[in-house]
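In what follows, a structure is listed as C-alpha cells, so that the remarks can point back to it.
Since the model is a prediction, treat every value here as computed from it, not as a measurement. Residue numbers begin at 1 in each chain, while the letters A, B, ... track the order of the sequences.
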Protein chains: 2
Amino acid sequence: MNLKKLSKILGLSQTTVSRALNGYPEVSEATRKKVQEVALAHHYIPNMRAKSLATGRSMAIGHVIPGSTRREIVNPVFADFISGAGEVYAQNDHDMLLSIVADSDEERTYRQLSAKASVDGVIVHGPRENDPRITLLKELGLPFVVHGRAGDNHGDYSWVDVNNRRSFERATEFLFDLGHRKIALINGLEFMDFAQRRKGGYLAAHRKHGRTPDPELMISEEMTEDVGYRRALDMLNRAAAPSAFLVSSMITAIGVRRAISDAGKKMGRDISVVIHDDELSYLPNGVDIPIFTATKSSVRQAGRLCAQMLLDIIREKDLTPRHILLESELTVGESTGAFQK
Amino acid sequence: MNLKKLSKILGLSQTTVSRALNGYPEVSEATRKKVQEVALAHHYIPNMRAKSLATGRSMAIGHVIPGSTRREIVNPVFADFISGAGEVYAQNDHDMLLSIVADSDEERTYRQLSAKASVDGVIVHGPRENDPRITLLKELGLPFVVHGRAGDNHGDYSWVDVNNRRSFERATEFLFDLGHRKIALINGLEFMDFAQRRKGGYLAAHRKHGRTPDPELMISEEMTEDVGYRRALDMLNRAAAPSAFLVSSMITAIGVRRAISDAGKKMGRDISVVIHDDELSYLPNGVDIPIFTATKSSVRQAGRLCAQMLLDIIREKDLTPRHILLESELTVGESTGAFQK
DNA sequence: GTCGGAATCCAAAGCGCTTTGAATGATTTC
DNA sequence: GAAATCATTCAAAGCGCTTTGGATTCCGAC
C-alpha cells in the first residue's frame, strides 16, 4: 500500500491525502476523517525512504560507538544510557542508528553519516579531552549533543554531564572525615574526560586537607570487573596498603569487593569503598540499604536528557549551545566505616 | 555535493558517473578512474535516502528491543550481542537501527519497520515460547533471524542458539558427580525460551539420577544482581539449604556470591556455584583461572553469527530457514568443589 | 449580476539516486 | 564500402513522498 493506490481508492489526489494525513489546514474535516479511516483500514504507513527524501529529514539520530580498542559498546553504562535515549526517540517517532566502529574509522563514520544524510543529528559518546570529533561535527554542521564534556573549553557546544569533579571531591572528603588517609583511586581510562575530572576532584580534596596522594594508589584503566579485582588485590598486598577505595564504576567495584574478600578483609569494616553509581538496571546498588556508599547519578536519565536536548535543537533549528550539569547524590551505604588503626 | 553537481564537474552524465562508482562494466576504465578520483577529491558520498528509494534497499538491519517492562536493552548480555552484530554490519556497510519499545507496542513496531521500509531485515531478541512475532514477521515477508528459539516448532524460521538444555544438563550432572544433591536453579524469567530449555536440562539430569528436585530451589526471575543476592540468601537460610547453585547469568551469580559471603560461607568450599557465562567483556570470568565453573558460550560471537546469517539471507534472497546450534564449553573454575557433609 | 475571497482540491515539479532503452562512434565483418 | 557488432555514453523515467502554484467551486457583498 502506498500513497498512489490509497488516493486512487479514495478518489482524491495524492496532495490532498498527504495533507489530510499530515494535519494541514487546507483540507476539510470531513475528507480528513475519511482519509484517516481508509488509511488505517488499509494499514497505510508512509514509506520512510521517500518521506525522508522529500522532506530532507531522516527522523533518525546516530550514536557512534567506539567498538574495538575502546569497547564502549559493551560497557553496561552505555546500555542504560541508550535505553534512556531510546525511550525519548520512541515517544518522538524517531529511530536510533547505532554505528559500532573502530577508533580509526571514527572520523570517516561521522563524515559518512552526515553525507549519507541518514541521520538528523548525533550523540557523541565518551568524549576525550579536546576531542577532534567536536570540531569535525561543527564543521559538518550536523547537530549534536555530547554526553560528557571534552576538556575545559566547553562553552561552544551542547552537552549533558555529571559534575564529576564535585562528586569525587565530596566522596574523597567523606573518606577523610571518616579518618582515612590512604585512599586509592581506581579510575577509568586516562584519556577519558570524566576520568580527568574525577581525578581532579580527588586531588582537590587532598590539597584541601594538606595531603599528597600516593601515586601508586591512583590507577586509570578500563572499568572491568577483573581490573578492579587485580588492582585492588595488588594494592592490598602492598606494605602501604590503602584503607579505602574510591572506584569509578559499579562493575570495577564488584572486582574490588572480591579482592577485599579474597584478602581476608571485610568491606565496610576493614576497608571502605565509595563508588560512582550510574544506577545500572541490572546492577542496582542494593534494594533498601545501599550496598556501596556512592555518588549516585542515573545514566539512563542522562540518556533521556541528551536525546531530548538533541531533538529540541533539531526541531528549533537553533544550534546555540545548551548545557545541563547534573549533580550527583551522595548516599551512604554499608561499604564505608571509620578508619580502624 | 551530489551526483548532479559531480557529473557536471566531470562533464559526464549522471548515469555514467553512477555506474562508474558502482562498478558496472559498461564504463571504460579510464573514465572510471577519473570519476573515482574526482569523487574522492570532492568528498562525494551518495545520499542514502535517495539511494534507498531508488534501489529499494535500505542497507539497515533493525533490532527491536523490549524496553520498559522487560528491560532487555539494559541487559549487559544484550550489549555484547549487538557489539558482535555491529562489527559484521560495519564490515558489510550496513547500519543498525535500534528500536526500544514498550511490550505492547512491539507488534506495531514491526509493522511500521516493515511498512516504513527503513530496514531490510530484523533480528528478534529474547524469544518466548510460541512467540507471536515470528508469525507476524513471516506474514510481513520481512527477513529475520531469531537469537534463540521459540518453543519446539523451530524448523520453519532461521535462528542461532546455544544448546541450553544440554549445557544445563551437563552442568547439573557435574554437580551430581561432585556429590551435591540439593542443587538450586536460579533461572531467567519463566516465559523466556532459553529459561525453559535450561530448566529442561536441569530436570533431565535429575531424572537420570532418579531424583526429584525441590521446587523451592527453582526460581525464575529477572537476571539482576540483587535478585541473585536475595534469592540465594533466602535459600541459604532455609533448613533445607542447597549445597550448590546453578545460575543462569554472570550478573545474577555476582549476587549469589555476595549472598554466600554474607552468609559466612566460602564459595567453592562450602557452596558450589556453576554459571552460564556469556563471556561478557566487562565481566570476564577471571583472567587465567576461571572464577566460576561455567558453561561458556560467547554471546558476542552469537551476535556476529546472527548478523551474518541475516545478511546472507537478504543478499541471496533465499528465505529458506537456516539454523546454528552452538555448543557451550564446560570450564571448571574455583567456584565448585566436592560436597562436604 | 459581478466580483473578491474563502475553502477545497489538484497537476506537476522536485528530493537524489538507479536503471531502462536508445544514441553515438568506433571497429569489425563480409 | 555497407552492414553488423561492440564499446561507451546519455536522456529520461521512476522510486514514493511533499509541496508549490494554480484551478475550481461556492459564498456573501456590492
Side-chain angles (χ1 to χ4, degrees), chain A residues 1-36 38-39 42-60 93 95 111-120 315, chain B residues 1-36 38-39 42-60 93 95 111-120 315:
Chain A
M1 179 53 57
N2 57 20
L3 228 209
K4 202 170 181 178
K5 285 188 204 160
L6 186 67
S7 44
K8 194 149 286 171
I9 293 174
L10 279 156
L12 287 168
S13 74
Q14 296 191 31
T15 311
T16 308
V17 176
S18 171
R19 286 191 162 148
L21 293 173
N22 291 317
Y24 281 75
E26 305 95 322
V27 55
S28 75
E29 276 312 313
T31 41
R32 186 192 305 282
K33 197 157 210 169
K34 181 85 180 289
V35 168
Q36 281 169 340
V38 177
H42 289 76
H43 288 116
Y44 172 69
I45 298 172
N47 180 312
M48 206 50 199
R49 295 168 184 158
K51 191 165 181 165
S52 283
L53 186 57
T55 58
R57 298 227 0 211
S58 59
M59 302 295 278
D93 219 29
D95 289 320
R111 278 194 190 285
Q112 284 206 0
L113 234 38
S114 170
K116 291 204 298 182
S118 29
V119 298
D120 296 330
R315 184 166 33 79
Chain B
M1 179 53 57
N2 57 21
L3 228 209
K4 202 170 182 177
K5 286 189 203 159
L6 186 68
S7 44
K8 194 148 287 171
I9 293 174
L10 278 155
L12 287 168
S13 73
Q14 297 192 32
T15 310
T16 308
V17 176
S18 170
R19 286 193 161 146
L21 293 173
N22 290 317
Y24 282 74
E26 305 94 323
V27 55
S28 75
E29 276 313 313
T31 40
R32 185 193 305 282
K33 197 159 210 170
K34 182 86 180 289
V35 169
Q36 281 170 340
V38 177
H42 288 76
H43 289 115
Y44 171 69
I45 298 173
N47 180 313
M48 206 50 200
R49 295 168 185 160
K51 191 166 183 164
S52 282
L53 186 57
T55 59
R57 300 231 355 215
S58 59
M59 301 296 278
D93 219 29
D95 289 320
R111 279 195 190 284
Q112 284 206 0
L113 234 38
S114 171
K116 292 204 297 183
S118 29
V119 298
D120 296 331
R315 185 167 33 76

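Using a 4.0 Å cutoff on non-hydrogen atoms, the parts of residues 20-29 of chain A near DNA chain D are A:N22, A:Y24, ordered by number.
Taking each heavy atom of B:S118 and B:S58 in turn, the nearest pair found is O-OG, 3.2 Å. Closest of all the heavy-atom pairs between A:M48 and A:M59 is CE-CG, 3.3 Å. Nearest heavy atoms, B:A20 versus B:V27: CA-CG1, 3.9 Å.
Mapped onto DNA chain D by nearest heavy atom, B:R19 and B:L53 fall at different nucleotides, with B:R19 at the one closer to the 5' end. Checking A:S18 against B:T55, the closest nucleotide of DNA chain D that is more toward the 5' end is the one next to B:T55.
Separating the OG atom in A:S18 from the NZ atom in A:K51 is a distance of 7.5 Å, to the nearest 0.5 Å. The structure places CD of A:Q112 at 11.5 Å from NE2 of B:H43, a figure rounded to the nearest 0.5 Å.
Put simply, chain B comes within 4.0 Å of DNA chain D, heavy atom to any atom, from D:dT8 to D:dG16, going 5' to 3'.
For the pair A:Q14 CD and C:dA11 C1', the computed distance is 10 Å after rounding to whole Å. Rounded to an integer number of Å, the gap from CZ of A:R32 to P of C:dA7 is 14 Å. If you measure from atom CG of A:L3 to atom P of C:dA12, you get 17 Å, rounded to the nearest angstrom. Nucleotide C:dA11 holds its P atom 12 Å from the NZ atom of A:K4, rounded to whole Å.
As judged by a 4.0 angstrom heavy-atom cut-off over every strand, B:T31 is placed among residues touching the sugar-phosphate backbone only.
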(Q) Assess the residue pair B:Y44 and B:V17 against the criterion (side-chain contact (heavy atoms from CB on, under 4.5 Å)); give the C-alpha distance rounded to whole Å, side-chain angles, the decisive distance to 0.1 Å, and a yes or no. (A) CA-CA 11 Å; B:Y44 171 69; B:V17 176; 5.7 Å; no

Q: Could you go through the side-chain contact (heavy atoms from CB on, under 4.5 Å) check for B:Q36 and B:L21 one step at a time?
A: CA-CA 7 Å; B:Q36 281 170 340; B:L21 293 173; 4.2 Å; yes

Side-chain atoms of residues 5-14 of chain B: list all donor-acceptor pairs with protein atoms under 3.5 Å, sequence neighbours left out, distances to 0.1 Å.
{"unit_1": "B:S7", "atom_1": "OG", "unit_2": "B:L3", "atom_2": "O", "d": "2.8"}
{"unit_1": "B:S7", "atom_1": "OG", "unit_2": "B:K4", "atom_2": "O", "d": "2.9"}
{"unit_1": "B:S13", "atom_1": "OG", "unit_2": "B:T15", "atom_2": "N", "d": "3.4"}
{"unit_1": "B:S13", "atom_1": "OG", "unit_2": "B:T16", "atom_2": "N", "d": "3.2"}
{"unit_1": "B:S13", "atom_1": "OG", "unit_2": "B:T16", "atom_2": "OG1", "d": "3.0"}

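Salt bridge B:R49/A:D120: present, at least one basic N to carboxylate O contact under 4.0 Å.
Close to C:dC9, at under 4.0 Å from its OP1 or OP2, lies no side-chain N or O of A:T16.
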